[in-house]
Amino acid sequence: MAAVILKGTIVSAPALGQLEITEHGFLVAEDGVIRGVFPVLPEQYAGAPLEDFGDALILQSFADLHLHAPQYPMLGTGMDLPLLDWLNAYAFPTEARFANPDYAREIYRHLARELVENGTTRVCMFSSLHTDATLILMEELEKAGITGYVGKVNMDRNSAPGVLEETTEESMRETLRWLDACQDFRCVKPVLTPRFTPSCSNELMAFLGRLAAERALPVQSHLSENQAEMAWVRQLHPDCRQYWETYAKYGLWNSRTVMAHCVWSDERERTAMRDAGVTAVHCANSNQNICSGVAPVRVMLQEGVHVALGSDIAGGDQLHMFDVVAATVRASKARRILDGWETDFLTVPEGWFLGTSAGAAFFGEQPGFAPGNRLHALVLEDGTLPQPHPLTAAERLERSVYLRQPGAIQAVWSEGRKVFSAN
Ligand code: GUN
Ligand code: FE
């Protein structure tokens with residue numbers, strides 16, 4: 001692959017709360033790997049093809065570390081129930097439709113396009129329990145240029161018998177069939193996905209823990225999202241003091257584990273996350289929509305927990321990560337109020353870091369446009385917004401987080417490849 005050289009106002013998040021800004025700079029990648037950001041193009045690249053985006057912003061693309069692909073058809077609906085009722089009334093019946101591969105193909109193709117066109121190039125995603133639809137999802141993501149992890153969901157109890165539930169034997173057999181079938185994907189890889197503790201028998205959890213160890217697979221699930229859910233987990237596992245121990249007990253708790261929500265994780269549970277290197281995925285929209293609570297993200301960060309962001313569609317109503325970053329900052333202000341003004345809210349650069357660099361870290365990347373990272377970037381042309389006086393690059397980024405700008409994304413790169421171009 002030849003060199004890719006992008007010229008524009010380059011903004012990246014090299015550390016929590018910091019922005020690195022290079023006005024009219026050059027972002028250079030070779031063979032898909034970033035070589036650097038330069039204020040002046042190094043001589044060795046003189047004459048190489050260059051894409052000049054003028055005054056546009058060149059930004060890191062997003063990592064969405066928690067979303068449910070088969071809930072995409074219900075996006076923006078069904079927000080009137082708390083988690084456990086919401087699952088039964090809305091989420092399970094919607095996911096059940098993905099028994100039909102043709103339906104899955106159509107919906108997942110649409111989802112993959114919408115992700116790419118809105119600058120999400122890395123994901124950690126739940127499918128449904130259906131093996132064939134999960135493989136279709138992986139194909140469509142890979143075709144669209146999205147990278148990351150997708151999981152066939154495991155759920156063998158307390159779900160929707162006859163509609164959306166497996167037997168333990170089926171769940172194990174289908175997981176193995178799925179893993180065999182996904183060996184040829186290049187950029188989309190499998191992640192083991194016990195839906196959450198209430199929907200997985202102990203036998204299934206133990207099987208998945210062994211599989212994670214034997215095949216060195218990552219794991220994703222839900223943790224301490226809602227208080228009724230937590231009470232249920234205590235009933236199901238009276239031997240465990242806290243929710244996280246139901247995962248740890250079965251080998252599902254390590255540095256390749258992603259746990260969505262963690263709204264109610266107390267200091268002891270957060271310490272267990274930090275010590276094991278588990279990534280907590282904050283899903284601000286979903287936590288508000290289905291009345292789960294307001295996660296203490298500032299405290300988690302201060303304690304050294306890895307935190308990334310998730311759209312969590314369709315508990316979350318926004319797929320686009322600009323909106324998710326704005327929701328994260330807003331939620332942190334609600335948290336500050338709940339904390340009696342004791343904790344600081346998150347700044348926009350902090351929210352931006354969580355939606356980009358912190359998520360990419362789960363895939364082994366360094367923060368920002370660090371040399372050695374794969375090229376994942378987007379170009380945002382914000383010139384259509386009224387601009388009565390000149391704005392700094394940081395102000396333009398802030399405004400882009402808060403204001404929707406349909407059509408503003410000009411181009412997107414993923415794994416060094418241009419995967420979207422507006423014209
Ligand atoms: N816990 C178990 N399943 C789900 C789901 O689909 N969405 C959310 N938000 N939480 C869950
Ligand atoms: Fe979720």
Side-chain angles (χ1 to χ4, degrees), residues 64-112 114-115 123-141 149-168 170-175 177-178 182 188 190-201 204 208 220-222 225-226 229 258 260-261 281 283 285-286 289-290 292 310-319:
D64 186 344
L65 255 62
H66 183 69
L67 70 165
H68 295 263
Q71 294 173 15
Y72 185 53
M74 57 182 260
L75 190 66
T77 66
M79 304 301 189
D80 55 348
L81 291 171
L83 175 67
L84 300 177
D85 299 327
W86 174 88
L87 284 172
N88 289 318
Y90 302 118
F92 292 161
T94 305
E95 293 191 18
R97 292 173 180 270
F98 288 80
N100 177 345
D102 295 332
Y103 179 77
R105 176 78 63 192
E106 187 193 332
I107 301 291
Y108 288 154
R109 184 167 294 164
H110 206 284
L111 171 64
E114 188 169 348
L115 284 167
V123 295
C124 195
M125 190 184 264
F126 278 52
S127 176
S128 56
L129 58 74
H130 311 99
T131 303
D132 293 340
T134 303
L135 291 166
I136 289 168
L137 172 60
M138 294 171 83
E139 277 171 31
E140 291 301 326
L141 292 174
Y149 295 113
V150 170
K152 174 222 166 316
V153 170
N154 296 99
M155 43 197 297
D156 69 340
R157 67 170 179 182
N158 297 324
S159 302
V163 178
L164 193 76
E165 192 169 274
E166 317 160 290
T167 64
T168 308
E170 254 172 352
S171 188
M172 297 196 231
R173 176 166 38 83
E174 285 298 298
T175 300
R177 180 167 84 83
W178 165 60
C182 58
V188 180
V191 50
L192 294 179
T193 308
R195 183 174 201 116
F196 66 157
T197 296
S199 60
C200 293
S201 67
L204 183 55
L208 294 172
Q220 63 179 352
S221 195
H222 295 91
E225 176 177 3
N226 162 295
E229 168 209 19
V258 177
H261 301 287
V281 188
C283 306
N285 280 323
S286 168
N289 286 331
I290 53 177
S292 299
S311 64
D312 193 30
I313 69 157
D317 55 310
Q318 301 295 335
L319 182 64

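For the numbers below, each heavy atom of this structure counts, side chains included, while hydrogens, waters and symmetry mates do not.
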J.: So do the side chains of Cys182 and Leu135 get within less than 4.5 Å of each other, counting heavy atoms only?
T.: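 Touching, per the 4.5 Å side-chain cut-off.
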
J.: Measure from the side-chain N and O atoms of His222 to the backbone N and O of Arg195, and report whether any donor-acceptor pair falls under 3.5 Å.
T.: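 Between the backbone of Arg195 and the side chain of His222 there is a qualifying donor-acceptor contact (under 3.5 Å).
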
J.: Please identify each residue that fulfils salt bridge (charged side-chain N to carboxylate O under 4.0 Å, His left out) with Glu225, with sequence neighbours left out.
T.: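 Partners of Glu225 under the salt bridge (charged side-chain N to carboxylate O under 4.0 Å, His left out) test: none.
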
J.: Would you say that Glu229 contacts Phe196 through its side chain, given a criterion of any heavy-atom pair below 4.5 Å between the two side chains?
T.: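 Yes, close enough: below the 4.5 Å cut-off.
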
J.: Going by heavy atoms in the side chains, are Glu174 and Thr134 under 4.5 Å from each other?
T.: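 Of all side-chain heavy-atom pairs linking Thr134 with Glu174, none is under 4.5 Å.
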
J.: If you compare all heavy atoms of Cys283 against all heavy atoms of His66, which two are closest, and at what distance to 0.1 Å?
T.: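 Shortest heavy-atom contact: SG-CD2, 3.9 Å.
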
J.: I need the minimum non-hydrogen distance between Asp64 and Gly310, along with the two atoms involved.
T.: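 Here Asp64 and Gly310 meet closest at OD1-CA, 3.2 Å.
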
J.: Could you verify whether a donor N or O on one side chain and an acceptor N or O on the other, from Ser171 and Glu166, lie under 3.5 Å apart?
T.: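 Glu166 and Ser171 do have a side-chain donor-acceptor pair below 3.5 Å.
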
J.: Quick check for you: to the nearest 0.5 Å, what is the distance between Tyr72 atom OH and Leu115 atom CG?
T.: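 Reported value, rounded in 0.5 Å steps: 7.5 Å.
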
J.: Which of these, Asp317, Asp312, Asp80, sits in a side-chain hydrogen bond (donor to acceptor under 3.5 Å, both in side chains) with Asn289?
T.: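 The option that passes is Asp317.
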
J.: Atom CD1 of Ile290 and atom CG of Asn285: how far apart are they, to the nearest 0.5 Å?
T.: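 The CG atom of Asn285 is 11.0 Å from CD1 of Ile290, to the nearest 0.5 Å.
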
J.: Please indicate whether Glu106 has more than 12 foreign heavy atoms, meaning atoms of other residues, nucleotides or ligands, lying under 6.0 Å from its CD.
T.: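 No, the 6.0 Å shell around CD holds no more than 12 heavy atoms from other groups.
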
J.: Can a donor-acceptor pair be found, under 3.5 Å and without considering hydrogens, that links the side chain of Ser221 to the backbone of Pro194?
T.: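 Checking the backbone N and O of Pro194 against the side chain of Ser221, a donor-acceptor pair under 3.5 Å is found.
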
J.: Indicate the ring-plane relationship of His68 and Phe126, choosing parallel, tilted or perpendicular according to the 30° and 60° boundaries.
T.: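 Taking Phe126 first and then His68, their aromatic rings sit tilted (interplane angle of 30° to 60°).
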
J.: Would you check, one step at a time, whether the test side chain to side chain contact (heavy atoms under 4.5 Å, CB included) holds for Arg97 with Ile107?
T.: CA-CA 11 Å; Arg97 292 173 180 270; Ile107 301 291; over 6 Å; no

J.: Residues two or more places apart in sequence or in another chain: which of them pass ring-ring contact (aromatic ring centres under 6.0 Å, His included) with Tyr108?
T.: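 Applying ring-ring contact (aromatic ring centres under 6.0 Å, His included) to Tyr108 gives Phe98.
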
J.: Is any side-chain heavy atom of Leu137 less than 4.5 Å from a side-chain heavy atom of Val188?
T.: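 Contact flag for Leu137/Val188 side chains = no.
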
J.: Can you name the side chain to side chain contact (heavy atoms under 4.5 Å, CB included) partners of Met74, sequence neighbours left out?
T.: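 Scan of Met74 (side chain to side chain contact (heavy atoms under 4.5 Å, CB included), adjacent residues dropped) gives Gln71, Thr77, Trp86, Tyr90, Thr94, Ala314.
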
J.: With the threshold set at 4.0 Å, does a side-chain nitrogen-carboxylate oxygen contact exist between Arg105 and Asp132?
T.: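 Answer for the salt bridge query: no.
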
J.: Identify the heavy atoms of Ala69 and Leu111 that sit nearest to each other, and give their distance.
T.: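 Distance-wise, the nearest heavy atoms are CB-CD2, 3.6 Å.
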
J.: Donor-acceptor pair, distance only, cut-off 3.5 Å: does the side chain of Thr175 make one with the backbone of Arg173?
T.: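 Looks like no, no N/O pair under 3.5 Å.
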
J.: Kindly give the heavy-atom pair with the smallest separation between Phe92 and Ser159, and that separation in Å.
T.: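 That closest heavy-atom pairing would be CE1-CA, 4.0 Å.
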
J.: Report the C-alpha distance between His261 and Ser286 in whole Å, list the side-chain angles of each, state the deciding distance to 0.1 Å, and finish with yes or no for side chain to side chain contact (heavy atoms under 4.5 Å, CB included).
T.: CA-CA 9 Å; His261 301 287; Ser286 168; 3.6 Å; yes

J.: Side chains of Met125 and Leu141: does their closest heavy-atom pair fall under 4.5 Å?
T.: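 Heavy-atom side-chain distance check passes, below 4.5 Å.
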
J.: Let me confirm one number: the CG-CG distance from Asn88 to Leu81, rounded to the nearest 0.5 Å.
T.: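 So the CG of Asn88 and the CG of Leu81 are separated by 9.5 Å.
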
J.: Using 0.5 Å steps for rounding, measure from the NE2 atom of His130 to the CD atom of Glu95.
T.: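 Rounded to the nearest 0.5 Å, the NE2-CD separation comes to 8.5 Å.
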
J.: Please find the pair of heavy atoms, one from Ser127 and one from Val150, that lie closest to each other, and give the distance.
T.: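 Reported closest heavy-atom pair: CB-CG1, 4.2 Å.
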
J.: Could you grab the distance from atom OG of Ser201 to atom CG of Asp156, nearest 0.5 Å is fine?
T.: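 So the gap between those two atoms works out to 3.5 Å.
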
J.: Closest approach of Asn226 and Pro82, non-hydrogen atoms and distance?
T.: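 Heavy atoms of Asn226 and Pro82 come nearest at ND2-CB, 4.5 Å.
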
J.: Give, for atom CE of Met172 and atom OG1 of Thr167, the distance between the pair rounded to the nearest 0.5 Å.
T.: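 Met172 CE to Thr167 OG1: 8.5 Å, rounded to 0.5 Å.
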
J.: Side-chain contact test, heavy atoms from C-beta onward, threshold under 4.5 Å: evaluate it for Leu129 versus Lys152 and give yes or no.
T.: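 Yes - at least one pair of side-chain heavy atoms lies under 4.5 Å apart.
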
J.: Is there a side-chain contact between Met155 and Leu164, using heavy atoms and a 4.5 Å cut-off?
T.: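 Yes. Closest side-chain heavy atoms under 4.5 Å.
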
